[in-house]
Undergrad: 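Once you've had a glance at the structure underneath, I'll fire off some questions.
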Amino acid sequence: MSAAQTVSIPIEEQHGAKGMVVASLRGVTKRYDDVYALNNVNLNVHSGELLALLGPNGAGKTTAIKLLLGLAKPTSGTVRVFGGDPLDPATRLRIGAMLQVAKVPETLRVREHIDLFSSYYVNPLPREETLALGGIADIQDRKFGDLSGGQKQRVLFALALCGDPDVIFLDEPTVGLDVEARRILWQEIRKLVARGKTILLTTHYLQEADELADRVVVINKGNVIAEGTPAEIKSKTGGKKIRCITRLDTNVVRGYPGVLDVRQDREAMEIQASDAESVVRELLNHDVHLSGLEVSSAGLEDAFIALTHEDNNLAGARR
Amino acid sequence: MDTTSATLNIRRSPNQTFVLYLKEMKYEFLKNLRIPRYSASVIILPLMFYVLFGLFMGRQTIGNTSTAAYLIATYGTFGVLGASLFGTAASLASERGLGWIQVKKASPMPPFAYFVAKFFMGIMFSFIVVSLLLVLGVAFGGVRMPLQNMIQLVGTLVAGSVPFCAMGLAIGYFMGPNSAPAVINLIYLPLSFASGLWVPFQFLPKVVKQIALYLPPYHLAQLALRIIGFNGNETNWTHWKVLIGFTLLCLGVARFGFQKDEEKMYG
C-alpha cells in the first residue's frame, strides 16, 4: 500500500475546478478487528456534484464519511481531500460536516450554536444567510433541547454549511424524519447544490438518492456494487417485477436465467427479473397451472433490494 | 476557478483565532450555567454548608481565627473542587460518549480551544463560588480582613481550580456518559471530608489526618488558611509543589486518555 501513498496528486485535483476530483478514497480498506467496514473501495467525489452513497445499514457509509473527515484512519489505502490529508487544519477550513450524533448540548440556543461554529471558519456566511439556508430563522432563539427531531436535523445541517465550505459531507441527513421534514431538508440540500457546493451524502433511502443525486454509488458490506446516475442504477437492476401464483419451488425459480431475486408473498411468488420475457417463458413451460400473472416495472426500492441481494448471493457463492 | 489559489492557503487571522477562543469559552460557560443540576449544585451546596456551619454556629473560634473566616477557606476549597470536577469530567464524558466531540473534531475548531474552554468554565464557577462565600462572610459572619488579603484569598482559591480541572479531564476520559456523575460524587465527597474541608483538619481522626497530607485539596485549603492567619505545619512551597505535581500528573493521564480515544477512532 505504500505505493498508493506515494501517488503524486494531479494539479487539477488540488484546485477543485468544476468536475475535478475534490475528495477520494483509493483502494481503501478499513477493518475493525475482524470486520471489514470497507474493502478495497475506490470513490471519487467531483467538484460541484451531489454524490449519494447508498447502502443498507452497516454497509460502510458512515465509515467512508469518517475517513474523509479524518475521524478515522484507513487500514490500508489513501484518503485525499483537496489533494491533501483530511487531518490538515487547512483542509478542514473548507469542509462542513453533518454527522449522526446522539446528543448535542441542549442548553445553547440555535443562534449560539451557529455563532460558535461560524467562528471556526475564515469566511463564514452571515448569520442571517445561514439561518435562511437552514430554514431555521424562526427558531433561532430556541434552545437546542426544545426542538423537534426535524428542527434538530436542520440545525445540524446549518452547522455544516455555516462556514461556507466548498465540500459538505452529510451522513444520513434525513434519518428518523417524517415525510414532511424530509422534503423540507431535501429543499435545503438543493439550495446548496444550486450554490455550486460539492456534496457527499449517505442514505439508505433509494428515493432520496434518486431525488437529489447527480451520481449514486451503491455499497453493501463494505464493497462498491454499483455506480452511475440514478437512471443507470435503476436500469442496471432490470427493473421488472413478476408476480404469479405457481406451485414451483422458489429455489428452482431462483436458478432460472435472468432472475435476480425470488420471494413468496402470501399466496403469490414475487420475482425480480433482469430479463422478464425469458423468465415468464420458463415459468409457463414449467407450470401449466400458473395463474394471476402480472409483470410490472420494479419500484425504486425493489431495484435497490435486488442490487444488494444479488451482491449477497454472489458473496454467498464465493464462500 | 480563479479563487482556488487564494483558498488553498486560507488561514485564520490572529484576530479571528482570538475571537474563536473567546466564543468557545463563553459558550462553554453559558452551556453549563444553564444546566441547573450543575450550576445550582456546585454553587449552592458550598454556600448552604457555609450558612449552616459558618454563620449560624460561627461565633466560636478555631485557633485564633473566627470560624466564619476559617470556613471561607475550607468551603471555598470544597466549592472549587466541585465546580472544577463536575464541570470538566461530566461534560467531557458526555460529549465523548454521545458523539458531540466527533462533530467538534470534524469541524475546523483547534482542539486546544476545547480544553481551554473547559478550564475557563471551571475557573469561572470557582470564582463565583468563592466570591459569594466571601460576600456572605463579610456581610453576615463578621469577617474582616484587608482588601489585599481578600484578593489574595480569592486569587489563590481560583488558581486552585486548575489542578482539579485537570483531574476532571483525566476522569472524563475514562468514564462513560452515564457513570461519570456517580463516580465523581464517589471521589468528591470522601476527598472533601478527608482533606478537612467539612470538619476542620485538627478535629479529624488521626488516621484521616495522615491521609490528608497526600490529598491535593488539603494543600489548597492550607494555602487559603494561611492567608486568613491560620498557619499549618508545612510551608507554602510544599503545598504549591504538591498542587503543581498533581496537575502535571492529571494532565499526563488526560493526555493518555486523549490518545487512547484517537487510537480507538483510528484503530
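Numbers restart at 1 for each chain; the letters A, B, ... are given by sequence-line order, proteins then strands.
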Undergrad: OG/Ser119(A) to CE/Met109(B) distance, rounded to the nearest 0.5 angstrom?
TA: 10.0 Å
Undergrad: Where on Leu159(A) is there a heavy atom nearer than 4.5 Å to chain B: the side chain, the backbone, both, or neither?
TA: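 Just its side chain gets close to chain B.
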Undergrad: Could you tell me whether the side chain of Gln16(B) and the main chain of Val122(A) form a donor-acceptor pair under 3.5 Å?
TA: yes
Undergrad: What do you reckon, is OH of Tyr36(A) surrounded by more than 12 foreign heavy atoms closer than 6.0 Å?
TA: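 Open: at most 12 neighbouring heavy atoms sit under 6.0 Å from OH of Tyr36(A).
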Undergrad: Answer whether the closest heavy-atom distance between the side chains of Lys66(A) and Gln102(B) falls below 4.5 Å.
TA: yes
Undergrad: Is Asp33(A) in contact with chain B via its backbone, its side chain, both, or neither, using a 4.5 Å heavy-atom distance?
TA: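 For Asp33(A), no heavy atom lies under 4.5 Å from chain B.
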Undergrad: Ignoring hydrogens and geometry beyond distance, is a side-chain donor-acceptor pair present between Tyr120(A) and Lys23(B) at under 3.5 Å?
TA: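 No.
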Undergrad: Using non-hydrogen atoms only, which part of Leu99(A) is less than 4.5 Å away from chain B: side chain, backbone, both, or neither?
TA: side chain
Undergrad: Which atoms form the tightest heavy-atom contact between Arg92(A) and Ala106(B), and what is the distance?
TA: CD-O, 3.5 Å
Undergrad: Sort Phe117(A) into side chain, backbone, both or neither according to what part of it lies under 4.5 angstrom from a heavy atom of chain B.
TA: side chain
Undergrad: Taking the side chain as C-beta and beyond, is there a heavy-atom pair between Leu116(A) and Lys26(B) under 4.5 Å?
TA: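 Not in contact.
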Undergrad: What is the minimum heavy-atom distance between Val101(A) and Gly99(B), and which atoms define it?
TA: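 In terms of heavy atoms, the two residues are closest at CG2-C, 3.6 Å.
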Undergrad: Name the option with the most non-hydrogen atom pairs under 4.5 Å to chain B; the candidates are Gly163(A), Pro105(A), Pro86(A).
TA: Pro105(A)
Undergrad: Can you tell which of Asn123(A), Asp115(A), Val104(A), Ile95(A) has the highest number of heavy-atom pairs within less than 4.5 Å of chain B?
TA: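 When all of Asn123(A), Asp115(A), Val104(A), Ile95(A) are compared, Asp115(A) has the most.
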Undergrad: Hey, is OH on Tyr114(B) packed in by over 12 heavy atoms from elsewhere, all under 6.0 Å?
TA: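 It does: Tyr114(B) OH has more than 12 such atoms within range.
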Undergrad: Quick check for you: among Thr17(B), Ile35(B), Leu20(B), which has the greatest number of heavy-atom pairs under 4.5 Å with chain A?
TA: Leu20(B)
Undergrad: For the pair Arg34(B) and Glu112(A), find out whether any cationic side-chain nitrogen is under 4.0 Å from an anionic carboxylate oxygen.
TA: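 A salt bridge is present here (some side-chain N lies under 4.0 Å from a carboxylate O).
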Undergrad: Measure across Leu108(A) and Tyr27(B) and return the closest heavy-atom pair with its distance rounded to 0.1 Å.
TA: CD2-O, 3.8 Å
